[in-house]
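Report on the following structure.
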Amino acid sequence: MLGVGFGPANIALAIAIEEARQDGMMPPCDVRFLEGQTDPEWQGGMLLTGSDIQHNPARDLATLRNPRSHYTFINYLHLSGRLLDHLNVPGEFPLRRDYAGYIRWARGHFDHLVDYGQKVATVAVTEHEGERVYEVNTVSGARYLTRCLVAGPGRTPYVPEPFASVDDDRIFHFTEYLYRVEALPEPPGTVVVIGGSQSSVEILLDLSRRFPDSRVLNYVRSFGLRLKDTSPFSEEGFFPAFTEYYFAASRPSKAVLDAYMRPTNYSSADGDVLRELYLDIYEQKLKGRQHVFVSGNRLVRSVDVRPDAVTLTVAEVNTGLVDQVDADLVVLATGFRDLGPGVRQEPLPGFLTGIAEHVVFDGGYPSITADYQVETPSAPPLFLNGLCETTHGIGDSGSFSLLSLRTAAIQRRLATFARAAPRQLDRLGERP
């Protein structure tokens, strides 16, 4: 098996495989992972001071699948000597920086299975010793062969028009936020943040404190910044039973369910950061020095890149009034692409384009089984680890919520394929 990407999804899979081997539930097989970064940091561009993970910490890399696992978040805290301190922290959820340390710790146990700095360029189906296998080529020129591929690269950032047609370093996706602002030679005059998500609000708070003399403008298409739906009844969308229900639903029914579940994870923010931002802006007004502004019902119509500024043409969606704004930076808190035929979607992750002819599509959506295997009648087994929200529902979003249970399902199928394999390939990969 070859896994593409070694973020939380495939780290959890590596853990599941290791523990299945220990329990005698996984036959011997070669396992390798490719990671494009040389030293990856989970959500490194968004490790903002005070930001939290927004989910119960027990929904980690292993607990739901195996509460006794060595790789639980609680065990990480215990081994780090911080368990009591953490339990005494006055917050509902763990700090994002704490969870990033946990991911780094878990990842380190499997460094011997990972080739870092190997960004996948292409995937093709080829013949090797009389059987069909995947040939995976990386940007650096490495070549790998595998009987089974598990794609867990994370979702593709969504960059909407008119920004998608512009190539300028001053316009960037929020996943690059900290890297970009910490590299600035001087504070920017004006920063524009596009979007109304949790990330958008966190960035507004950070900009407000990091650059107190800068003007910070936030544009959202809805009336204002919206409160996330955190009802425990809605949160049951992150239960395995909902995943099964959603998977069996028709495409029109899925659309209805998506509309209901969307505020639990998208285009909305938690109450704590919304209250913090509103109070921050109110206090700025009291001081007569407001420098953070949230404007609803706004849509960016065009972008003009000049040497001295990025000029945005911004329309009020109800009145039609148009304004022009000059910005030094534009941060796109615009989310990610899902799989499918829509404007915000892509048929497959880009590096899998070369095998699209082997994939069965249903109305523009890749056909995927309940255990996350893509239907590829003329190609070896292919799994998508963390990319199946349009077929499996909100629990398969970028959230950790069902991550460990998903990897359990993939691991069981991998075990089935490993038992059926007639022999080991002569060589899993050819490395530079």
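Counting begins at 1 with the first residue of the sequence.
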Hits for side chain to side chain contact (heavy atoms under 4.5 Å, CB included) against Ser234, two or more places apart or cross-chain, chain-then-number order -> Asp229, Ser231, Tyr260, Thr264
Is the number of heavy atoms from other residues, nucleotides or ligands under 6.0 Å of Tyr245 OH greater than 12?
no
Which atom of Ile11 lies closest to which atom of Ala106, heavy atoms considered:
CG2-CB, 4.1 Å
Could you check whether Arg215 makes a cation-pi contact with Phe293, meaning its NZ or CZ is under 6.0 Å from the centre of the six-membered ring and within 45° of the ring axis?
no
Under 3.5 Å side-chain donor-acceptor pair for Ser399 and Ser397
no
May I ask you to say whether Arg170 pairs ionically with Asp328, meaning some side-chain N is under 4.0 Å from a carboxylate O?
no
Might you confirm whether atom CG of Asp308 has over 12 heavy atoms from other residues, nucleotides or ligands at distances under 6.0 Å?
yes
Any donor-acceptor pair under 3.5 Å from Asn385 side chain to Val150 backbone
no
How about Asp304: does its CG atom have over 12 heavy atoms from other parts shown lying under 6.0 Å from it?
yes
Sidechain N-carboxylate O distance under 4.0 Å for Asp371, Arg413
yes
Would you say Ser268's side chain and Pro263's backbone share a donor-acceptor pair under 3.5 angstrom?
yes
How about Thr313 and Val322: do any of their side-chain heavy atoms sit closer than 4.5 Å?
yes
Taking all atoms of both residues into account, what is the closest heavy-atom pair of Ala151 and Leu387, and its distance?
O-CD1, 4.0 Å
Would you check, one step at a time, whether the test side chain to side chain contact (heavy atoms under 4.5 Å, CB included) holds for Ile355 with Tyr134?
CA-CA 9 Å; Ile355 61 169; Tyr134 287 113; 3.9 Å; yes
Could you go through the side chain to side chain contact (heavy atoms under 4.5 Å, CB included) check for Val273 and Leu204 one step at a time?
CA-CA 10 Å; Val273 293; Leu204 292 173; over 6 Å; no
Counting only N and O atoms by type, is there a donor-acceptor contact under 3.5 Å from the side chain of Ser222 to the main-chain atoms of Gly224?
yes
With side chain to side chain donor-acceptor pair (under 3.5 Å) as the criterion, how do Asp60 and Thr72 come out once you've worked through the C-alpha distance, each side chain's angles and the decisive distance to 0.1 Å?
CA-CA 6 Å; Asp60 56 22; Thr72 67; 4.8 Å; no
Taking Glu182 for the side chain and Leu184 for the main chain, is one N or O donor matched with an acceptor at less than 3.5 Å?
no
Test Tyr246 against Asp258 for side chain to side chain donor-acceptor pair (under 3.5 Å), laying out the working first.
CA-CA 9 Å; Tyr246 186 95; Asp258 288 342; 2.8 Å; yes
Provide the closest heavy-atom pair for Arg155 versus Gly398 in the form atom of the first, atom of the second, distance.
NH2-N, 3.5 Å
With distance as the sole criterion, is a donor-acceptor pair present between the side chains of Ser250 and Ser253 under 3.5 Å?
yes
Can you confirm if the aromatic rings of Phe73 and Tyr99 lie within a centre distance of less than 6.0 Å?
yes
Check this for me: does any side-chain nitrogen of one of Glu316 and Arg301 sit under 4.0 Å from a carboxylate oxygen of the other?
no
Go through the steps to decide whether Phe383 and Met1 satisfy the test side chain to side chain contact (heavy atoms under 4.5 Å, CB included), and finish with yes or no.
CA-CA 10 Å; Phe383 291 86; Met1 185 216 83; over 6 Å; no
Does Ile394 reach the side chain of Tyr266, with side-chain heavy atoms less than 4.5 Å apart?
yes
Glu202/Arg96 salt bridge by N-O under 4.0 Å criterion:
yes
Under 3.5 Å side-chain donor-acceptor pair for Tyr144 and Asn137
no
Aromatic rings Tyr71 and Trp105: how do their planes relate, parallel, tilted or perpendicular, breaks at 30° and 60°?
tilted
Can a donor-acceptor pair be found, under 3.5 Å and without considering hydrogens, that links the side chain of Asn10 to the backbone of Gly3?
no
For residues Arg221 and Asn297, is any side-chain donor paired with an opposing acceptor at under 3.5 Å?
no
Ring of Tyr102, cation from Arg104 - is the NZ or CZ under 6.0 Å from the centre and inside 45° of the axis?
no
Could you go through Glu235 and Thr230, starting from their C-alpha distance and side-chain angles, then the distance that decides it, and tell me whether this counts as side chain to side chain donor-acceptor pair (under 3.5 Å)?
CA-CA 6 Å; Glu235 290 288 314; Thr230 56; over 6 Å; no
Is the closest side-chain heavy-atom distance between Glu92 and Asp52 below 4.5 Å?
no
Please give me the minimum heavy-atom distance between Leu113 and Val31, naming the atom from each residue.
CD2-O, 3.8 Å
Beyond-backbone contact of Val123 with Glu135, side-chain heavy atoms, under 4.5 angstrom:
no
Stepwise, does the side chain to side chain contact (heavy atoms under 4.5 Å, CB included) test hold for Asp98 with Tyr76?
CA-CA 10 Å; Asp98 211 358; Tyr76 159 73; 4.1 Å; yes
Run the salt-bridge test on Glu131 and Arg147 with the 4.0 Å N-O cut-off and return the result as yes or no.
yes
Do Ser208 and Asp280 get their side chains close enough for a donor-acceptor pair, meaning under 3.5 Å?
yes
Ring pair (Phe, Tyr, Trp, His ring centres under 6.0 Å) contacts touching residues 154-200 (sequence neighbours left out)
His173-Phe336, Phe174-Phe336
In terms of heavy-atom contacts, Pro8 and Leu403 come closest through O-CD2, 3.8 Å
Whether His392 and Tyr372 hold their rings parallel, tilted or perpendicular, with breakpoints at 30° and 60°
parallel
Please confirm whether the backbone N or O of His291 pairs with a side-chain atom of Gln284, one donor and one acceptor, at under 3.5 Å?
yes
Please lay out, stage by stage, how Thr311 and Arg306 fare under the test side chain to side chain donor-acceptor pair (under 3.5 Å).
CA-CA 8 Å; Thr311 300; Arg306 305 196 318 270; 2.3 Å; yes
Between His70 and His109, what is the ring plane arrangement, given parallel below 30°, perpendicular above 60°, and tilted in between?
perpendicular
Going by atom type alone, with no hydrogens or angles, which donor-acceptor pairs under 3.5 Å involve a side-chain atom of residues 341-353 and a protein atom two or more places apart or on another chain?
residue: Arg344; atom: NH2; partner: Thr334; partner atom: O; Å: 2.9
residue: Gln345; atom: OE1; partner: Gly342; partner atom: N; Å: 2.7
residue: Glu346; atom: OE2; partner: Thr156; partner atom: OG1; Å: 2.7
residue: Thr353; atom: OG1; partner: Gly350; partner atom: O; Å: 2.7

Do the side chain of Lys254 and the main chain of Gly393 share a donor and acceptor less than 3.5 angstrom apart?
no
Shortest non-hydrogen contact from Gly237 toward Phe242:
O-CD2, 3.2 Å
Hey, does Asn218 have a side-chain heavy atom less than 4.5 Å from the side chain of Val292?
no
Any non-hydrogen side-chain atom of Val331 less than 4.5 Å from a side-chain atom of Ile194?
no
Salt bridge (Lys or Arg N to Asp or Glu O under 4.0 Å) between Lys119 and Glu35, worked out
CA-CA 6 Å; Lys119 181 179 176 60; Glu35 169 55 50; over 6 Å; no
State whether the side chain of His55 and the backbone N or O of Ile53 hold a donor-acceptor pair below 3.5 Å, judged by distance alone.
yes
Is a donor on one side and an acceptor on the other found under 3.5 Å between the side chain of Ser69 and the backbone of Thr63?
no
Measure from the side-chain N and O atoms of Tyr219 to the backbone N and O of Leu299, and report whether any donor-acceptor pair falls under 3.5 Å.
no
